[in-house]
Chemist: 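A single structure is presented below for examination.
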Protein chains: 2
Amino acid sequence: MSHTPAPTSAATPPTGTRQAQKEQSRRALLDAALRLLDHQNLSGLGVREVTREAGLSPAGFYRHFRDLDELGVTLVTEALENLHLLVRRVLAEQGEPIELIDRTIAVIARHVREYRPHIRFLARERHGGVRRVREAIAAELSVFTEETALALGALPQSAGWNEAELRMLAGLYVEHMVSTAAAFMEAPAGSRAAERRIAALARDQLHLISIGHRHWLAERPGGAEQRPPATE
Amino acid sequence: MSHTPAPTSAATPPTGTRQAQKEQSRRALLDAALRLLDHQNLSGLGVREVTREAGLSPAGFYRHFRDLDELGVTLVTEALENLHLLVRRVLAEQGEPIELIDRTIAVIARHVREYRPHIRFLARERHGGVRRVREAIAAELSVFTEETALALGALPQSAGWNEAELRMLAGLYVEHMVSTAAAFMEAPAGSRAAERRIAALARDQLHLISIGHRHWLAERPGGAEQRPPATE
DNA sequence: TCATTCAGTAAACAACTGTTTGCCGACTTC
DNA sequence: GAAGTCGGCAAACAGTTGTTTACTGAATGA
């Protein structure tokens, strides 16, 4: 019961309380929204609904966000910050391709397990009804692709690859990462068996892609100049 | 304006009118919903909103659907019927891999151009907020994967592949098809330039996967012994 | 021809929505 | 200490929502 916040002073009402309390409410709103978004869409969320879940009054919402869309964008940046950190970490690692693959999958699995609501939110809103949110996600994913392309370029298997080809491959990897994350997310919450099945599948698929990576140069289609338009 | 339904009789109020009119209203509802779903989520849609757009009274809705969810499921089956037909057609084709790739991409591009609202709906609700709809989409995609695996098994490059491996590869292809369709869909409506860019990218990615396909057996991970026998 | 079926309607229901207003009272600064 | 800042609240606003009710009138089948 004796809470003893004790950031600066001893018994007197400590400084910084004001901002801390505000931040607390903000977090409560974000968390409440995240909780509700587990079985709803952002475009179907309501201000009153969120404040009710967060234990605030409806009017309180507007002390923190102008809109629900604004809250949505905040959620996106938050979710992608985590993910971004994680991607960088994976890309910085070194070792044999097969080891990299296994570690990447393990990291994704753990991340989904830890931040499932965030991931679900991203999956849901990637093609969702709110433009600004969609664009924020797309922009961040394209950053991931760029970074992945850069990292791929540093690998010995990529000798002789031009930038467009690296981006092509990176896109494949990023897209695969996304759908693997979605698969983990969709799996029954605690089922390690399902997780292992998904991981094994993803492992083989990534392996197959990396085989394609290794043999690409020898069978590069048309030598890059005579590309016929594929559209219809 | 002269509608001339002419199913049975000639000038007298023709039989079947009743049912035809009902079907017309039903279509109006579905189309209106599809129109609204272009910038909304299913979970954010309203009965009144749909009936207003369709030109019916709110109560009229319940003559056709119990729920908005039910309408959503109808939309899913409708959209996936089209898609299913298309997938079968592509899989039945024969020729060199590179030709198959080009034709597949062309077919996807055309289909997205033709049925953009349906595709957008599928992309949006694949991880959307309505359980039954999500499940319907997932089930159908898994059927696609099975069919693709079967078709892949018939190719000469797949000699020596067991069923699990075929499904693994099929999953890769289907997932890639999905994200390619999403990319086409997200592209500015009429831009052939954007379409060509996406098509070229997808072409290279599919090509790389098919290279992986060809070299898989020689580099199968962990040899062939620590892997369950093909006869599942 | 006449009774029946039934898609579509208007009206009413209570419940809910987003947002603004004025106010309170705890924190902060001087 | 006093003055000011500002997060949170209750109340009120005008709309909207899903769904049910009892009805109308055209298509139907005998």
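In this text, all values refer to a predicted model and were calculated from it rather than measured experimentally. In the text below, chain A, chain B and the rest are named by the order of the sequence lines, each starting its count at 1.
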Chemist: Are any of the side-chain nitrogens in B/Glu114 or B/Arg110 under 4.0 Å away from the carboxylate oxygens of its partner?
Modeler: yes
Chemist: Does the side chain of B/Glu53 come within less than 4.5 Å of B/Arg35's, by heavy atoms?
Modeler: yes
Chemist: If I take atom CD in residue A/Glu49 and atom P in nucleotide C/dT17, what distance separates them, rounded to the nearest angstrom?
Modeler: 7 Å
Chemist: Write down the distance between CZ (B/Arg66) and C1' (D/dG18), rounded to a whole number of angstrom.
Modeler: 15 Å
Chemist: In plain terms, say whether B/Arg167 and B/Glu146 are close enough for a salt bridge, that is, a side-chain N and a carboxylate O under 4.0 Å apart.
Modeler: yes
Chemist: Going by distance alone, is a donor N or O of one side chain under 3.5 Å from an acceptor N or O of the other, for B/His176 and B/Gln205?
Modeler: yes
Chemist: Is there a side-chain contact between B/Tyr173 and B/Leu152, using heavy atoms and a 4.5 Å cut-off?
Modeler: yes
Chemist: As a check on the pairing definition, encode DNA chain D in dot-bracket form, counting Watson-Crick and G-U wobble pairs whose two distances are under 3.5 Å, and using | for partners outside this strand.
Modeler: ||||||||||||.||||.||||||||||||
Chemist: Does the protein touch nucleotides 2-7 of chain C at the base, only the backbone, or not at all? Give it as B, S and - per nucleotide, heavy atoms under 4.0 Å.
Modeler: ---BBB
Chemist: Which part of the nucleic acid, if any, lies within contact of B/Tyr62, taking any heavy atom under 4.0 Å across all strands shown: a base, the sugar-phosphate backbone alone, or nothing?
Modeler: base
Chemist: Would you call B/Arg88-B/Glu147 a salt bridge at under 4.0 Å N-O?
Modeler: yes
Chemist: Taking all atoms of both residues into account, what is the closest heavy-atom pair of B/Ala79 and B/His118, and its distance?
Modeler: CB-CD2, 3.6 Å
Chemist: Without decimals, in angstroms, what is the distance between B/Gln24 CD and D/dA26 C1'?
Modeler: 15 Å
Chemist: Any salt bridge between A/Arg103 and A/Glu99, counting N to O under 4.0 Å?
Modeler: yes
Chemist: When you check every protein heavy atom under 4.0 Å of nucleotides 11-16 of chain D, what one-letter string (B, S, -) results, 5' to 3'?
Modeler: -B----
Chemist: Taking CG from A/Leu45 and C1' from C/dG18, how many angstroms apart are they, rounded to a whole number?
Modeler: 13 Å
Chemist: Measure the distance from CZ on B/Phe61 to P on C/dG8 and round it to the nearest whole Å.
Modeler: 13 Å
Chemist: Grab the two heavy atoms, one from A/Leu45 and one from A/Ala33, that are nearest each other, plus how far apart they are.
Modeler: CD2-CB, 4.2 Å
Chemist: How close or far is atom P of D/dG7 from atom CG of A/Leu29, stated in whole angstroms?
Modeler: 13 Å
Chemist: Does B/Val76 reach the side chain of B/Phe121, with side-chain heavy atoms less than 4.5 Å apart?
Modeler: yes
Chemist: When you get a sec, tell me which of D/dG18, C/dT28, C/dT19 is the closest nucleotide to the side chain of B/Val47?
Modeler: D/dG18
Chemist: Whole Å only: how far is the CD atom of A/Glu23 from the P atom of D/dG7?
Modeler: 12 Å
Chemist: Which nucleotide in the set D/dG18, C/dT19, C/dT17 lies at the smallest distance from any side-chain heavy atom of A/Asp67?
Modeler: C/dT19
Chemist: I'd like to know if A/Glu186 and B/Arg131 make a salt bridge, using a cut-off of under 4.0 Å between side-chain N and carboxylate O.
Modeler: no
Chemist: Could you tell me the separation between the CG atom of B/Leu80 and the CG atom of B/Leu141, rounded to the nearest 0.5 Å?
Modeler: 7.0 Å
Chemist: Starting at CG of B/Asp69 and ending at C1' of D/dT19, how long is that distance when rounded to a whole Å?
Modeler: 15 Å
Chemist: Taking for each residue the nucleotide of DNA chain D with the nearest heavy atom, is it B/Gln19 or B/Gly46 whose nucleotide lies nearer the 5' end?
Modeler: B/Gly46
Chemist: Would you classify B/Gly60 as touching base, sugar-phosphate or nothing, given that sugar-phosphate means primed atoms plus P, OP1 and OP2, and contacts are heavy atoms under 4.0 Å?
Modeler: base
